[in-house]
Structure formats: structure tokens, C-alpha cells
Amino acid sequence: MTNVIKTLTKEDFLLQYIGLEREGLRCDENGNLVKSKHPESFGCKLTNPYITTDFSESQLELITPVLTSAEGAYDFLENLYNIAALEIGNEYIWPQSMPCTLEDDIPIAKFCDDEKGQAAYCYRQSLLKKYGGKRQVISGIHYNFSFNEKLIRTLYQTSQNKSYKFFRNKCYLKVARNYLRYRWLIIYLLGGSSIVHKSYDPDCLNELENEYMDSKSSRGALSYRNSECGYVNKNDLYPDYTNIKSYVSSIEEFIKSGQLESVKELYTQVRIKAHNNDDMLRSLRKDGVNYLEFRSIDINPFDKVGIKKIDLKFLSLFNLFLLLKKEVDYPDFQKESSINQFRVAKYGFLNPELSKNGQDIKMDKWANQVLGEIILLNNLFHLGQNHAIEYQKQKVEDHKNTYAHRIFSKVKEEGFIKAHMDLAKVYKADAYKDRYTLKGYENLELSTVALVKESIKRGVKVEILDPIENFIRLEQNNHVEYVKQATKTSKDSYISMLIMENKLITKHVLREHDINTPVGEEVLPFTDRNSLFKRYKNKAIVVKPKSTNFGLGISIFKEPTFLFTFQEALDIAFQYDKTVLVEEFIPGQEYRFVVIGDKVVGILKRVPANVTGDGSSSITELVAKKNEDPLRGTGHQKPLETIILDEPCRLFLEQQGLNFDSIPAKEETIYLRENSNISTGGDSIDFTDDVADYFKEIAISAAKCVGANICGVDMIIEDISGENPKYSIIELNFNPAIHIHHYPYKGKSRNISGAVLDLLGYPTQS
């Protein structure tokens, strides 16, 4: 077998399909369980595939899709945490498996009033009656995985089994049995619930307290969650993992005898998952095993996500160990494994004796044996995961390196509530710092990121089809939409896009509908520039490409200019299009209106790229300093764009008698270009609530006259109060950047992504 599987590559072994579920209680700043409803912004609890509830209305559950690496699973779970943490207002996500401060009345999650919703609520009521609400709000990490199919098929070549499905089932059942045997190691390495608040279950805690103390009063408990005080069935239940038929039959017997209400109530440490988990037992019989779910993992208080990336990498190695490790047949292995689980959970700091095939062995000795075998696998197949193994060995060598001991020590020093809430507040602040990012999708434009995050929040399934083109697929309730760059959708026709792309045609259509727009003319490469200049030499003008976006190639002259600068402006514009527009300059302030459907959903005043002098630095140096702001980047992947000193900047500064080496006075603001596009380094200020409705109606009319459902309207206004109704629309945009409204430089954030999803037929579902 070794010779056969050595033909596989490192990638073949490490490619595993991983999905994570992380539960977490919502609490207030004092560590008390909140009783507010699950946020409506997360949509339907029953259908949201990413953010839902577990037992309690106050218990979030974050669910990743299936990812192909530990890194990918971690990053997506972090994205979910960031979205959830920022959506719950002044609440926090409790950073530990055992609950925060509890009262006796735990709010049960309530669902929609259909048959499925009623069944979910009734099931929780029965759990409340049977186990009590406090045990039901214990939280954890559920780790779902399956192997690369190529690995299983390669192993199949060495077997005598005629049926591949039968062999595949055998592999996963073997992994499940071995996981039960070795789960004590995962509880030790990843345990993080060594301390519990007194409001949890005083009787249970008092009963176990004496067991958890040795003769020197040194606490040994490592994981209350995995102890008898944790999430366990009323009676010890041991399903038959011999084969799928016996496994299903044993669970059916538990249900028939009344020990379980349904298969969901089986709180074993590993679950065999089916292709159709809504009808799990029948699906297992028919189609076999789909994947496994490990349920022993505590929330790591010292990681925002709840589990460290390096621990996820180790679990990928551990899975291979479970698959390839030879089993020792021992009829009472499940009972023995349960005893080992509780011993480690209760005495893990004290290096307890465990039972290995009926023989006693010290926990650290056995742990080192297992890690030694994992090292051999790592070396034999050149997996390169030495760091992940070494990290676990440090915990075995000294229990003070475990998360359980670290949180116990922190609580002992700071107090239970403060120790945990300090961590929760740090994680929420970190989520705010990362509010505009989507880990693992850094090459997406920020507008696309904003739409993806809003889709996840609402429970709309997202698939990134082409990250370079920012092309995504959305699906909910069999309703599919394709979107490019966040605002190119099926709701706008191709001709509407072409009209807005061509500035000359845009003006023609606007004038047909009596909407004000600057007077100008079209310029071709062979146009007589001297004659053209004579027509405009005494006027304030704008020179820009006919078909462009993001403010590129635009030169603005508020005062009459010279022939040579005029010609330079034409040369710059011709770099972006074969046709250029020269039009009158309209005085006033420029505002970007975003129209979605028949509403203005955001208005920004865009301040041109600028620097403020310090009395000693040149303009070039000031720009470099301003570009150090972490909110600035390139390619629309940050809220603000990096300022670039280009030819239009040079021309504009020249009109002010300045150049790149000029040194502005202290506190003097120098504007680097006239056009105020955020894409060219400008600053964004929200004015949605300040602009008169009169101008909003004009923006809506402008969008409608070109047939656009999603439109950016650039309007020059002298008085936004509307007392002076003078205005002029200088441009319509078929692909308006929406991230600048989500993350303005100043002012209120506007949820433009939500308006796009409403238009596409994905409203927030209650």
C-alpha cells in the first residue's frame, strides 16, 4: 500500500474538503447573555447558509461553505465573524465554549411559521425540557471534512473490495472509529474551556469540583465542554460503526427505544454525514458516507475565529493518520474512549493515566507516540507540515502552552468577565478594522467585495466565477443572477450601457428630455486644433475622452488657458479614446448620485486629490505620506485610491504656479487636479441627507431617460438646498463604484449593495 500511495503528490494528500461551523453567544459589554432577537439583516434563519442560530435566539452559528484547504476555511470563517460582529450593534460574540453570564430563562430560537419552522422550534422545546437551556447554549467548533477522492481511489487499488462505494464507506468508518479512539488528543491540544461562570450549573460544577482538584489544590480541568458537565446525552450511547447498515440500525434502535428523539440528538464526538442530511439515515443506506463531522473542538479564546489556522493544518495531518493507522480490534473501545475523553477533560493538566487497549499509559507518553507517527507520515510523503506538528508538541511538553491553561491563568489574574470581554472587544475592533476586506479574495475590487459581503449576510449563495473580471453568481431559492463589477446586472440593457459609455450620446439623450448638460463638441485626431482653440480660448473648459470611466484622461481649466496646455490636455485625453470632448466648465460643486431603480440611495461630494502642507515637505513628499494611509490602495481594492502624480496633475499645478517640488505653507491645502474622482485619489464625503429632493428627482429622471436601473449621476450644483435650482449633469456612469458610499472618507456609510440586491430580487427575508 505504501508503494502505491507514494505515487501521490503532496497536494493529493493535503487537498481535503473542509467546512467549519462556529457557534457563539451574543452578549453585552458586561458579559451577560443578551435576549434580543436574531438580527433581521441576516434574513431567514432556516435558509441562510452562512449565518443562522443554533439552539438559542442568542446563539449565532457561522457556517462556511466547503473549501479545499485549511487556509481557505479559516479565511472564510473570519469573513463571517467580521460580518456578524459588525451587524450586532453594541453586542459582542462570547469568545469561549462555556457560556457567559446566564439567567434561568434561555430564549429558544424562533423560526418562520411554516411546517419546517414550527418543527425546528418544537424540537428545541423538547431539548430544553430534556437537558435544560444552559447546556444547550454551550458552543463549539464543528469540523466537517472529506478526503481528496484521488487519495481514496488510489487506496482502492490495493483493496480486494469489488465495490468502490463499499470501500469508500469502509475508509470513512475506519476514520470515525479511530477518531473516537484518539479524540482525547484533540481535546487536550484544542481544549479551551477550563473555566466556567458560576451561573452555568452550580450543582454539576460543585459535584465535579472535588474531582478536578488534586491533593495540592492544583486545578486539572482542561475542557468542561467535553466533560460530564458538557454537551452529552442523558445515557451513554454507542452506535455500531462496523458498517453503514449496522450504524444506521443502531441509531434507529436508539430512536425506537426513546433514548433519542431524532438522529440530530446523538451527541457523539464524530458524526457520519450523508449526501442528504435532511433524511440522513435513509440517505446513508442508499448513497453511503458523504463526509465526517468532528465535534470535540472547543472555541479557542485566543483566536478571533475560534480556531487557529495552524491547528486546522494539523487536523489535516491528523485525518491522514486516522485513515492510515492500523486498528487494534478491541470490543469495548467506545467505552474505553469515553473514559479517556472524560479523564483528559477533567485532569488534562495533571497528565492522567489513560487506557490504551485495556492497558494503562500516561497521557504524555501516548501523545508523543501519536505525534511521532504523524511525523513519520509527514516525512514519508514530504508534506512539509513540520511547523504544525511542532506547535502541538509544545503543548504536550508543557501544559502551560495549552489554550485551556492560558485562559485559566488569564481569568485567575483578571477575573472571569474581564478576561473574556477584553478578548471579545479586541476581536470586534479587529473586525471593524477589516470591515472592507474579504480574506482570501484580495484580488476582487472593493465594490464587488461589498456586494459579496451583503449577499452572505442575507443568505444569498455566492460563487466567484472570475475574480479578475469580478464576475460572480448569486443564488437563493433557485433564483440565479450573474453580476459583473457589482453593478453590471441583468436589470440594465446593453444599449443603456452604450449610451452612458458614450458621453456625446449621453448629452444628446439628456437634452432630448430637457435635462441640463454642458455645451461642447466632439474632437477627432485630425481636427484642426488651432481653430478649435480659438473657439474656446476665452472660456473655462473641460477636456476629456468621449468614452472613459474612473475620471481618467480628464483635464479641467477653470480659467482660460494657453494653446500649448490645451494641446497637452488633448494629447492626454487621446491616450484613453480615439474621440475627445471639449465642453464648457460649469461652476459649482460636483456630487455623485447613485440611482438604483427609482431611488437615490447615496450622494457623495467628491473632493479632488489634495495635500496639506507642513511647511517643509514638497508636494511629492506630502503625497507619499498621504499614500501611507492603510485605507489607500490601487485597483479599487481599498476605500480610497493611491494618489498618483501624473500629467494632468502637473498641468493643474502649473496653472497655480506650482510644480511637484513646491513646498506648501503649513496647513495650506493644495489641490492636485480639478476632477474629483475618487479613482484618481480624491476624498469622499457623504451628502445623502443634505441635498434637496429637487436634485434627487433630476438624477432619477436622468437615469430613466437612458433606461438605466443602476446609474451613477455626476451633477454640478451651486446650492444643494435647492433655493437656487441651477445644476448641470456632466456624466452618467453605467458602472458606478459603490464602495465609496459604503466606506466614505467622511460621513455616514450607505448600503448600496443592499439596494442592488433588492433590485435583483434578493430582499432581506424574515
Working to the nearest 0.5 Å, report the span between NE2 of His38 and CG of Leu60.
-> 6.5 Å
Centroid-centroid under 6.0 Å between Phe55 and Tyr131 rings | no
Nearest heavy atoms of Tyr391 and Tyr403, plus distance in Å | OH-OH, 3.0 Å
Charged N to carboxylate O below 4.0 Å: is that the case for Lys304 and Glu78?
-> yes
Minimum-distance pair of heavy atoms, taken over all atoms of Ile18 and Ser316 | CD1-OG, 4.0 Å
Here the gap from Met363 atom CE to Asn368 atom CG, rounded to the nearest 0.5 Å, amounts to 9.5 Å
Verify ring-ring contact (aromatic ring centres under 6.0 Å, His included) between Tyr182 and Phe321, making sure each step is shown before the conclusion.
-> CA-CA 10 Å; Tyr182 296 100; Phe321 163 77; 5.2 Å; yes
So how far is it from Leu185 CG to Leu371 CG, rounded to the nearest 0.5 Å?
-> 6.0 Å
Positive for side-chain hydrogen bond (donor to acceptor under 3.5 Å, both in side chains) with Tyr74, one of Asp303, Thr64, Asp311 = Asp303
Taking the side chain from Glu23 and the backbone from Glu61, do they hold a donor-acceptor pair closer than 3.5 Å?
-> no
With sequence neighbours excluded, what pairs up with Glu390 under the side chain to side chain donor-acceptor pair (under 3.5 Å) test?
-> none
Please confirm whether the backbone N or O of Glu481 pairs with a side-chain atom of Arg473, one donor and one acceptor, at under 3.5 Å?
-> no
Should the pair Glu293-Arg295 be classified as a salt bridge under the 4.0 Å nitrogen-to-oxygen rule?
-> yes
Interatomic distance, Lys453 atom NZ to Thr437 atom OG1 [nearest 0.5 angstrom] = 5.5 Å
What heavy-atom pair brings Ile299 and Ser97 nearest, and what distance separates the two atoms?
-> N-OG, 2.8 Å
Using the ring of each side chain (for Trp, its six-membered ring), is Phe167 parallel, tilted or perpendicular to Tyr156, with breaks at 30° and 60°?
-> tilted
Do side-chain atoms of Lys45 reach the backbone of Thr53 as a donor and acceptor pair under 3.5 angstrom?
-> no
Quick one: closest heavy-atom pair of Arg343 and Ser355, and the distance?
-> NH1-N, 4.1 Å
For Thr52, enumerate each residue passing the side chain to side chain donor-acceptor pair (under 3.5 Å) test, keeping only those at least two apart in sequence or located in another chain.
-> none
Passes side chain to side chain donor-acceptor pair (under 3.5 Å), Tyr291 versus Asn277? Steps please.
-> CA-CA 11 Å; Tyr291 61 96; Asn277 288 317; 3.1 Å; yes
Describe, in one word, how the ring planes of Tyr247 and Tyr241 are oriented to each other, choosing from parallel (under 30°), tilted (30 to 60°) and perpendicular (over 60°).
-> tilted
In Å, rounded to the nearest 0.5 Å, how long is the span from CG of Leu62 to CZ of Phe76?
-> 10.5 Å
Salt bridge between Glu454 and Lys457, side-chain N to carboxylate O under 4.0 Å?
-> yes
Main-chain N/O of Lys130 paired with Lys234 side-chain donor or acceptor, under 3.5 Å = yes
Asn340 (side chain) donor-acceptor with Leu354 (main chain) under 3.5 angstrom | no
What's the verdict on ring-ring contact (aromatic ring centres under 6.0 Å, His included) for Phe147 and Tyr172, showing C-alpha distance, side-chain angles and the deciding distance?
-> CA-CA 9 Å; Phe147 293 108; Tyr172 282 105; 5.8 Å; yes
Check whether any side-chain N or O of Tyr50 sits under 3.5 Å from a backbone N or O of Ser455 as a donor-acceptor pair, and report yes or no.
-> no
Just by distance, with hydrogens left out, do Asn290 and Tyr17 show a side-chain donor and acceptor under 3.5 Å apart?
-> no
Would a distance-only check, ignoring hydrogens and angles, find a side-chain to backbone donor-acceptor pair under 3.5 Å from Asn233 to Asn235?
-> no
Just checking, is any N or O donor in the side chain of Glu149 or Tyr164 under 3.5 Å from an acceptor N or O on the other one?
-> yes
State plainly whether the residues Arg282 and Asp279 are in salt-bridge range, i.e. N to O under 4.0 Å.
-> yes
Residues Leu317 and Gln385: closest non-hydrogen pair is CD1-CB, 3.4 Å
Give a yes or no on whether the backbone of Gln394 and the side-chain of Asn401 come within a donor-acceptor separation of less than 3.5 Å.
-> yes
